Protein chains: 4
Amino acid sequence: MLNRVVLIGRLTRDPEMRYTPQGVPVASFTLAVDRPFSNQQGQRETDFIDCIAWRKLGETVGNHLTKGRLAAVEGRLQIRSYEAQDGTKRRVAEVVCDSVRFLDRPRDAQGGAMESFGADETELPDDLPF
Amino acid sequence: MLNRVVLIGRLTRDPEMRYTPQGVPVASFTLAVDRPFSNQQGQRETDFIDCIAWRKLGETVGNHLTKGRLAAVEGRLQIRSYEAQDGTKRRVAEVVCDSVRFLDRPRDAQGGAMESFGADETELPDDLPF
Amino acid sequence: MLNRVVLIGRLTRDPEMRYTPQGVPVASFTLAVDRPFSNQQGQRETDFIDCIAWRKLGETVGNHLTKGRLAAVEGRLQIRSYEAQDGTKRRVAEVVCDSVRFLDRPRDAQGGAMESFGADETELPDDLPF
Amino acid sequence: MLNRVVLIGRLTRDPEMRYTPQGVPVASFTLAVDRPFSNQQGQRETDFIDCIAWRKLGETVGNHLTKGRLAAVEGRLQIRSYEAQDGTKRRVAEVVCDSVRFLDRPRDAQGGAMESFGADETELPDDLPF
DNA sequence: TTTT
DNA sequence: TTTT
């Protein structure tokens, strides 16, 4: 019923772009998200979380995000089931992004504002000041 | 840049419907959200949080939610400034809803599924199973 | 850096309790979380999301939650890697709970308040009313 | 019952430190959070959201955050009611922080990791790798 | 492996 | 009262 994920982390590599047979773009990337605490050996651990972004948001991710960049992601956690080549059932967890914000390199050479993109970006404000 | 609020609480009264001059519906309601801890006097405290829902989501809220109902709200926290009658500046905080889920009365008399509404509800899935 | 998950769903079965060699309790359960949209075949899909709760929160979950119950979970998404019997690397995703709220059966026979438990539950308020 | 806020924004000024009569530190600051959409006049709007951090987290905020810094905040939305000098009831909204992450200046001169602080920071991991 |  |  409710499924909300918010992550801040760094891309482990450049996003991978794919296109459906219908030409719908989808970007895949992995965020390295440090855990808040050290483990019992005093080491900082990291979760490597797969993310996907569809359509315009996917294109924006593919065009602008690169390995090492810091990003904030909002989305929902999706569990996909599939059958592996050996016939066993496997499950894949990934965050389907509703929005992706770029948190480093806040200003580009032309002095433009920090890039920030949402799946539902539009010229119409979400609430009108009537 | 990122502004995400998730609340679960009960409506303190029936939602109030208004319409902009252009006829855009907007529902206002207040959620009573119990704090997780008791205060030093051993009393449970409650935050009364104002929420608004625009357009179709607003109509759904106005048509289905009533005083006392349990709801989960997702949205963003908005601070509006205005001038009071005495000329002083005031600020109002409210959560602009992206989605509202109804958490009690899970099945109606006809055995229908639990009602659940999102601002961006559509027949198109957010991610296509290609 | 930041890793926050909020879910509302129903338990697919009773929680499973385990204890570490040191006696630390941990409860495992799976939430069925309906997706907000129907897919292209007009079917409602569901994500089955594994959750774990440690220590006192785990005991509370084990003592009170049962198959079919509606719950709200807050936590962080953890990806664990392990080696399968066939020597291949596998990954498991699970939500490590910070808090679990029980959303149905809001009042018990004695008229007590809705049960609600957090990992950090305490008599000390998080912010003091000085 | 559930009250979760996640914000990313910039401090509008240096945090203000106070101490309760018992000596408990509390830091107050305001985050400027840009809205994702432009309004009908094509202007980007901003929400100015008051935040407070108690105890050790408050001290860390006071010691490290300054005007203009980019930060991610997790917490809960609290509505405080009080009586103004003219006898009218007023309400104040503020986010009580559970954790604050510093998002710019990711590495210090010594090459140390990005600073990141949580109210519940500890050497004990939240889940043990048993 | 799945809940309503 | 506001940040970039």
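Since we're looking at a predicted model, the values are computed, not measured. In the text below, chain A, chain B and the rest are named by the order of the sequence lines, each starting its count at 1.
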Practice task
Applying side chain to side chain contact (heavy atoms under 4.5 Å, CB included), run through A/Cys97 and A/Leu57 and close with a yes or a no.
Solution key: CA-CA 8 Å; A/Cys97 299; A/Leu57 181 62; 3.9 Å; yes

Handout entry: Spacing between C/Gln43 atom CD and E/dT3 atom P, to the nearest angstrom
Key = 16 Å

Exercise for the section: Between F/dT1, F/dT3, E/dT2, spot the one nearest the side chain of D/Asp34, thanks. Expected result: F/dT3

Problem - Charged N-O contact under 4.0 Å between D/Glu74 and D/Arg4 - result: yes

Practice task
For the pair D/Arg91 (side chain) and D/Ser81 (backbone), establish whether a donor and an acceptor sit closer than 3.5 Å, ignoring hydrogens and angles.
Solution key: no

Problem - Proximity to the side chain of D/Arg10 - top-ranked nucleotide from E/dT3, F/dT1, F/dT4 - result: F/dT4

Practice task
Report the distance from atom CZ of B/Arg80 to atom C1' of F/dT1, rounded to the nearest whole Å.
Solution key: 19 Å

Problem - Pair of N/O donor and acceptor under 3.5 Å linking F/dT2 base with B/Arg91 side chain - result: yes

Completion exercise
Separation of E/dT2 atom P from C/Asp47 atom CG, nearest Å, is 14 Å

Handout entry: Whole-Å gap separating P (F/dT4) and NZ (D/Lys67)
Key = 6 Å

Exercise for the section: Mind checking salt bridge (charged side-chain N to carboxylate O under 4.0 Å, His left out) for D/Asp47 and listing every partner two or more places apart, or none if nothing turns up? Expected result: B/Arg76, D/Arg35

Handout entry: Nearest-angstrom distance from the residue atom CG of D/Asp14 to P of F/dT2
Key = 16 Å

Handout entry: Donor/acceptor link under 3.5 angstrom from C/Arg13 side chain onto base of E/dT1
Key = yes

Problem - Backbone N/O of A/Ala84 and side chain of A/Thr88: donor-acceptor pair under 3.5 Å - result: no

Practice task
Could I get the full list of salt bridge (charged side-chain N to carboxylate O under 4.0 Å, His left out) partners for D/Arg80, not counting sequence neighbours?
Solution key: D/Glu94

Handout entry: Side-chain (B/Asp104) to main-chain (B/Arg69) donor-acceptor, under 3.5 angstrom
Key = no

Completion exercise
In whole angstroms, the gap separating P of E/dT1 from CG of C/Asp50 amounts to 13 Å

Completion exercise
Here the distance between atom C1' of F/dT3 and atom CZ of D/Arg44, to the nearest Å, is 13 Å

Completion exercise
Stems with DNA chain E, 3 or more Watson-Crick or G-U pairs in a row (under 3.5 Å), are none

Exercise for the section: Could you check whether D/Gly9 gets within reach of a base, just the sugar-phosphate, or nothing at all, counting any heavy atom under 4.0 Å? Expected result: nothing

Practice task
State which of E/dT3, F/dT3, F/dT2 makes the closest approach to the side chain of D/Thr30.
Solution key: F/dT2

Exercise for the section: Can you tell me the distance, in whole Å, between the CG atom of C/Asp104 and the C1' atom of E/dT4? Expected result: 10 Å

Completion exercise
Taking F/dT2, E/dT2, E/dT4 as options, the one with an atom nearest any side-chain atom of D/Phe48 is F/dT2

